[in-house]
Amino acid sequence: MPGFELFGDLERKEVNDVLDNGVLMRYGFDGMRNGHWKAKELEGELSKTFQTNHVQLVSSGTAAVSVALASAGVGAGDEVIMPTFTFVASFEAIMMLGAIPVLVDIDDTLTLDPKAVEAAITSKTKAVMVVQMCGSMGDLDSLQSICTKHNLLFVEDACQAIGGTYNGKPLGSIGDLGCFSFDFVKTITCGEGGAVITNNKEYYSNADYYSDHGHDHVGNDRGAETHPFLGYNFRISELHAAVGLAQVKRLPEFIAIQKKHYTILREALEVIPEVTFRRVPKGGEESYAFLNFFLPDLEISRKVIQAFKENGVDVCWNYFDNNWHYVRKWNHLKDQKSLFPLSSEVKQGLENIKNTAYDQSDHFIGRNISCLIKMSWTEEEVKTRASKMVSIINSALL
């Protein structure tokens, strides 16, 4: 997945442009810039890449989720439906606004089960956030229909699925708001950074102001700008944006490499009858950042993962035992280990998580193995890897 594997002359050129003019902040200092506005340029490139009208760069993918929700008015006491399989940043970003994360089961797409979403809607529900984990997507038509029916905000967290598409549209561009991460281990990287994308002009303006202390960004004098509402600091720097500007121009190159390596591995595993693959909804195309497949049960999956480690097959995970990505090990969330007092509504919402069984999610996550696709592999290395994986899985199935 990481674009950092293929840093080159283009990344160096963009970074050196910033260092040469000496302006590292994305706002102000107009006279010193010599025409260099890397964050603005990156927003323009991302707008074309994601086929969306508005892009607001922020400091991280986590910030992108908080800013996206805040820009649409999600806040204290509102419920946001999210999947049990994601990164801890999802509930962190929700709770930072005083909103309540409502976790629901996933299905064989490895993200939100539409039936579970519908069952979880209450009078407090304000948004549904699908997390496009490991390079693919959920049933976006069904989820969007549910949101339309109940007048809910539909948010796409596409942080791990840059380059994936659904019915020809880039993931992240389908919901009311899309969120991306450009941290060090994403398909394209800024080192640290993120983006909010939307076709809603009001949400964009809100995101633009909110992410920079409420500045309205009107005129050329930053000190004279007004503050229509309260904001915070989620700015990206020009250095980070410069790296991302080079990387986004190389996205087609990265996706092609990922697809090539993914295809070699998948075709090798397809010959094993007991191996099935994550469901990609009709009309969807993965970003090929990960290969996700299912084995018959948790015991076999654990056995295979251990054998992978012992035989040098790296960057593969069974998330059932993972501390970061699956609800089962999120004890700090379930036990409400906060440095500051949580509101009574949030505390009550977290009690619901602690006391809920997620049997359907356990069924899919327990059997799943997720393998990262590296761009730095040679074709011969991928073929050798595929042969090892097949041999290990067949041995575990005996």
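Remember, it's a predicted structure, so these values are computed and weren't measured experimentally.
One distance of note links CG of Asp176 with SG of Cys147; it measures 7.5 Å at 0.5 Å rounding. Separating the CG atom in Leu239 from the CD atom in Glu14 is a distance of 11.5 Å, to the nearest 0.5 Å. In this structure, the separation between NZ on Lys126 and CD1 on Ile81 is 13.5 Å, given to the nearest 0.5 Å. Here the straight-line distance linking atom CG of Asp216 with atom CG of Asp212 works out to 10.0 Å at 0.5 Å rounding. With values rounded to the nearest 0.5 angstrom, Leu177 atom CG is found 4.5 Å from Ser71 atom OG. How far CZ of Phe254 is from NZ of Lys186: 15.0 Å, rounded to the nearest 0.5 Å.
Judged by distance alone, the side chain of Gln258 and the main-chain N or O of Ser287 form a donor-acceptor pair under 3.5 Å. Side-chain atoms of Asp157 come within 3.5 Å of backbone N or O of Cys159 as a donor-acceptor pair. Looking only at distances, a side-chain donor or acceptor of His261 sits under 3.5 Å from a matching main-chain atom of Lys374. No donor-acceptor pair under 3.5 Å is formed between the side chain of Ser173 and the backbone N or O of Lys169. Judged by distance alone, with hydrogens and angles left aside, the side-chain atoms of Thr148 form a donor-acceptor pair with the main-chain N or O of Gln144 at under 3.5 Å. Using modelled atom types, no side-chain atom of Asn394 and backbone atom of Ile272 make a donor-acceptor pair closer than 3.5 Å. A donor-acceptor pair is defined here as one N or O able to donate and one able to accept, closer than 3.5 Å; such a pair exists between the side chain of Thr189 and the backbone of Asp183. Counting only distance, with no hydrogens or angles, the side chain of Asn311 and the backbone of Ala307 share a donor-acceptor pair below 3.5 Å. Judged by distance alone, the side chain of Glu381 and the main-chain N or O of Thr378 form a donor-acceptor pair under 3.5 Å. Not one N or O on the side chain of Asp78 forms a donor-acceptor pair closer than 3.5 Å with the backbone of Val74.
For the pair Asp139 and Arg279, the salt-bridge criterion is met [side-chain N within less than 4.0 Å of a carboxylate O]. Looking at Asp9 and Lys13, no side-chain N of the basic residue comes within less than 4.0 Å of a carboxylate O on the acidic one, giving no salt bridge. Under a 4.0 Å N-O distance rule, the pair Asp297/Arg367 does not qualify as a salt bridge. Ion pairing between Lys383 and Glu380 fails under the 4.0 Å rule for side-chain N and carboxylate O. For Lys303 and Glu299, the salt-bridge test fails: no basic side-chain N is under 4.0 Å from an acidic carboxylate O.
Tested against Phe85 for a ring-ring contact (aromatic ring centres under 6.0 Å, His included), the candidates Trp324, Phe364, Phe320, Tyr319 yield a single pass: Tyr319.
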Item to check | Verdict with supporting geometry, Glu11 and Arg250, side-chain contact (heavy atoms from CB on, under 4.5 Å) | outcome: CA-CA 10 Å; Glu11 286 83 358; Arg250 302 180 66 190; 3.0 Å; yes

Checklist entry - Given Asp314 and Arg385, is the salt bridge (Lys or Arg N to Asp or Glu O under 4.0 Å) satisfied, shown in steps? => result CA-CA 9 Å; Asp314 65 345; Arg385 180 185 183 84; 3.1 Å; yes

Next on the checklist: One pair to check against side-chain contact (heavy atoms from CB on, under 4.5 Å): Leu333 and Ile353. What are the steps and the verdict?
Outcome noted: CA-CA 9 Å; Leu333 176 68; Ile353 293 170; 4.2 Å; yes

Checklist entry - Can you check side-chain contact (heavy atoms from CB on, under 4.5 Å) on Leu153 and Val128, steps first, answer last? => result CA-CA 6 Å; Leu153 188 71; Val128 172; over 6 Å; no

Checklist entry - Where do Ile197 and Leu46 land on the side-chain contact (heavy atoms from CB on, under 4.5 Å) test, with the steps shown first? => result CA-CA 9 Å; Ile197 70 172; Leu46 291 171; 5.7 Å; no

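Here Phe294 and Phe277 keep their ring centres 6.0 angstrom or further from each other. Aromatic rings of His227 and His215 (six-membered ring for Trp) have centroids within the 6.0 Å cut-off, being under it.
Evaluation of the salt bridge (charged side-chain N to carboxylate O under 4.0 Å, His left out) rule for Lys40 yields no partner, not counting sequence neighbours.
In this structure, Val280 and Met137 have side chains that are in contact, with non-hydrogen atoms separated by less than 4.5 Å. Between Met129 and Val65, some side-chain heavy-atom pair lies under the 4.5 Å cut-off. Between Met25 and Glu238 there is no side-chain heavy-atom pair separated by less than 4.5 Å. Put simply, the side chain of Leu265 reaches to within 4.5 Å of the side chain of Ile373, judged on heavy atoms. Side chains of Ser90 and Val131 form a contact here, defined as non-hydrogen atoms less than 4.5 Å apart. Proximity of Glu285 to Lys259: side-chain heavy atoms (C-beta onward) are separated by under 4.5 Å at one or more points. Looking at heavy atoms from C-beta onward, Ser237 lies out of side-chain contact with Arg26 at the 4.5 angstrom threshold. Under the 4.5 Å side-chain criterion, counting only non-hydrogen atoms from C-beta, Leu143 is in contact with Phe154.
The cluster map of Ile, Leu, Val, Met, Phe, Trp and Tyr, joined by side-chain heavy atoms under 4.5 Å apart, puts Ile255 and Leu10 in different clusters. Hydrophobic clustering (side-chain heavy atoms under 4.5 Å, transitive across Ile, Leu, Val, Met, Phe, Trp, Tyr) keeps Val55 apart from Tyr27. There is no path of hydrophobic side-chain contacts, each under 4.5 Å, that joins Leu57 to Tyr204. In the hydrophobic cluster analysis, where Ile, Leu, Val, Met, Phe, Trp and Tyr join through side-chain heavy atoms closer than 4.5 angstrom, Val382 is grouped together with Val271. Tracing side-chain contacts under 4.5 Å through hydrophobic residues (I, L, V, M, F, W, Y), one never reaches Phe29 starting from Ile236; they form parts of separate clusters.
The environment of CG in Asn220 is sparse: at most 12 heavy-atom neighbours from other residues, nucleotides or ligands sit within 6.0 Å. Other residues, nucleotides and ligands contribute at most 12 non-hydrogen atoms within 6.0 Å of the CG atom of Leu339. Atom CG of Asn151 has 12 or fewer heavy atoms from other residues, nucleotides or ligands within 6.0 Å. Within a 6.0 Å sphere centred on OH of Tyr232, other residues, nucleotides and ligands contribute 12 heavy atoms or fewer. Taking a 6.0 Å sphere around CD of Gln51, one finds it holds more than 12 heavy atoms contributed by other residues, nucleotides or ligands.
Using modelled atom types, one finds a donor on one side chain and an acceptor on the other under 3.5 Å when comparing Gln132 with Glu156. No hydrogens or angles considered: a donor-acceptor pair under 3.5 Å links the side chains of Thr122 and Glu79. A donor and an acceptor atom, one from each side chain of His54 and Asn199, are nowhere located under 3.5 Å apart. For the residue pair Asp321 and Tyr326, no side-chain donor N or O sits within less than 3.5 Å of a side-chain acceptor on the partner. For the 3.5 Å distance criterion, the side chains of Tyr262 and Glu286 qualify, holding a donor opposite an acceptor. There is no side-chain donor-acceptor pair under 3.5 Å between Gln360 and Asp107. His150 and Glu118 share a donor-acceptor pair across their side chains, judged by distance under 3.5 Å alone.
Closest heavy-atom contact between Ala93 and Ser66: O-OG, 2.9 Å. Closest heavy-atom contact between Val58 and Ala195: CG2-N, 3.9 Å.
Under a cutoff of 6.0 Å and an axis angle of 45°, Arg328 and Trp330 do not form a cation-pi pair.
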